[in-house]
Amino acid sequence: MDQAFQPYPPLIDGRPHRNCRAVVIIPARNEEHTLPAGLEALRLQCDPMDRPIPHDIYEVVLLLNNCTDASPEVARRYQQEHPGFHLHIAERTLPPEAAHVGTARRLLMDTAFQRLQAGPHVHTAILSTDADTTVSRDWVYRNLRAIEDGAEAVGGVIHLKPEDVDFLDAGTLRAYRNDRLYQQHVARLESLLDPDPDDPWPRHLEHFGASLACTPAAYRRAGGLPPVKPLEDVAFVDALRRVDARLRHAPEVSIHTSARLDGRAEVGLSGQLRHWQEDSAAGRAHLVQSAESLAHRFSSLARLRRLWKLEELPELAQLPESWREPLADSHPRRLSQAAFLASIDCNRLISETFHGKGEGEIAQVIADLAQRIDSLISTSSPAHPGESVPAAATEPLAIPAG
């Protein structure tokens, strides 16, 4: 896929510092009130021992597109006040059909890719965040550490800003907290039934533009970020998965983002919060995928992955009937795992072999998931692959001298 990758011209000129290992990208449109806090969090990056990370190790590229507020003035004032902080600012007026975050993030990530690809360092990263977001103090360090440890892409945990949570009504806040717990249980169940050695427990399920990192090599291999509207970040992760990129959902990588209901994107966190608010006001049940359905999906995916690894398929009579023909056709071709799962239309095969209840009310599903997880843990051996935990890394990064 990398042969088709043609990056857009870079947004800024020049070359990064010779020690630069990470380029942070921020798309922004009318964010005059949130920009200062976001930039301040990036300027004051430290490691987990609270040792400052030299500014030569990373830079920030901010794209201000189609702004009608004081965002450009705010950004340039911050740049002038902190000349030692490597902040690059680009301004663009995109045509109406392209004036969305998908285009902006693609322009930025292409720029970051080009600034890093010719560098001398083995472990480098394109780091994506948003203008209404404040990253944790060790966000740059944690992302780079995950890349050093073998990840090709890293999704971070996204929290709501505490000051924003106070403005959510009780129903929306309850739905948000229930969803967080539900997602945590889903991630745990998946780690037990379909463990990924590149993404071991503890882990989570988030991989969105507010905290998403990747190596330049993986970015090229995936063909770049699709400049789509909406959900360009989800489309990019799908592209990464199609080329078998090692995706790590790192719980130690975290950010806080706005809980506003009038978000810039049509779909995303703000849209989800509005949906929960409307459901709560209307008294509608909060429905999610059932524990039974999730367990079936993860167990089926694990079985399909095991079949992919085999030199020869078992007797077809041992397989579900709807699986036999697709597997017999695809397996001899020795495709990559992602291509194999796509060629057999794994989602369809999994759906066709499930005959239970697909949805349930979230509180009951959380209880069902907890019960399944407890049962699996109690019956698994200590060497269960889903139980492996990465060692905490607090040593300095491999920072070049000079």
Problem - Donor + acceptor pair across side chains of His88, Glu59 (<3.5 Å) - result: yes
Exercise for the section: Quick one: do His204 and His249 satisfy ring pair (Phe, Tyr, Trp, His ring centres under 6.0 Å)? Show the steps, please. Expected result: CA-CA 6 Å; His204 56 90; His249 294 89; 5.5 Å; yes
Exercise for the section: Please name the residue in the list Leu212, Ile147, Asp149, Leu247 that meets the side chain to side chain contact (heavy atoms under 4.5 Å, CB included) test with Val154. Expected result: Ile147
Practice task
Without swapping roles, check the side chain of Asp138 against the backbone of Arg142 for a donor-acceptor pair under 3.5 Å.
Solution key: no
Practice task
Compute whether any side-chain donor of one residue and acceptor of the other, for Tyr78 and Glu40, lie under 3.5 angstrom apart.
Solution key: yes
Problem - With Asp194, the salt bridge (charged side-chain N to carboxylate O under 4.0 Å, His left out) member among Arg297, Arg188, Arg305 - result: Arg305
Practice task
Verify the distance criterion only: is there a donor paired with an acceptor across the side chains of Gln364 and Asp368 at less than 3.5 Å?
Solution key: yes
Problem - Test item: side-chain donor near acceptor, Ser330 and Arg333, under 3.5 Å - result: yes
Problem - Nearest heavy-atom neighbours spanning Met109 and Ile25 - result: CG-CD1, 3.9 Å
Completion exercise
Checking Asp233, Asp130, Asp110 against Arg105 for salt bridge (charged side-chain N to carboxylate O under 4.0 Å, His left out), the one that qualifies is Asp130
Exercise for the section: For residues His207 and Arg241, determine if any side-chain heavy atom of one lies less than 4.5 Å from a side-chain heavy atom of the other. Expected result: yes
Practice task
Apply salt bridge (Lys or Arg N to Asp or Glu O under 4.0 Å) to the pair Arg348 and Asp345, showing each step before the final yes or no.
Solution key: CA-CA 6 Å; Arg348 178 180 62 83; Asp345 194 357; 3.3 Å; yes
Handout entry: pair Arg303-Pro320: side-chain heavy atoms closer than 4.5 Å
Key = yes
Exercise for the section: Look at the aromatic rings of Phe5 and Phe113 and report parallel, tilted or perpendicular, splitting at 30° and 60°. Expected result: perpendicular
Practice task
Keeping the roles fixed (side chain from Arg106, backbone from Glu232), state whether a donor-acceptor pair exists under 3.5 Å.
Solution key: no
Practice task
Would you please say whether a donor-acceptor pair under 3.5 Å links the side chains of Arg203 and Ser191?
Solution key: no
Problem - Side chains of Ser254 and His159, donor plus acceptor under 3.5 Å - result: no
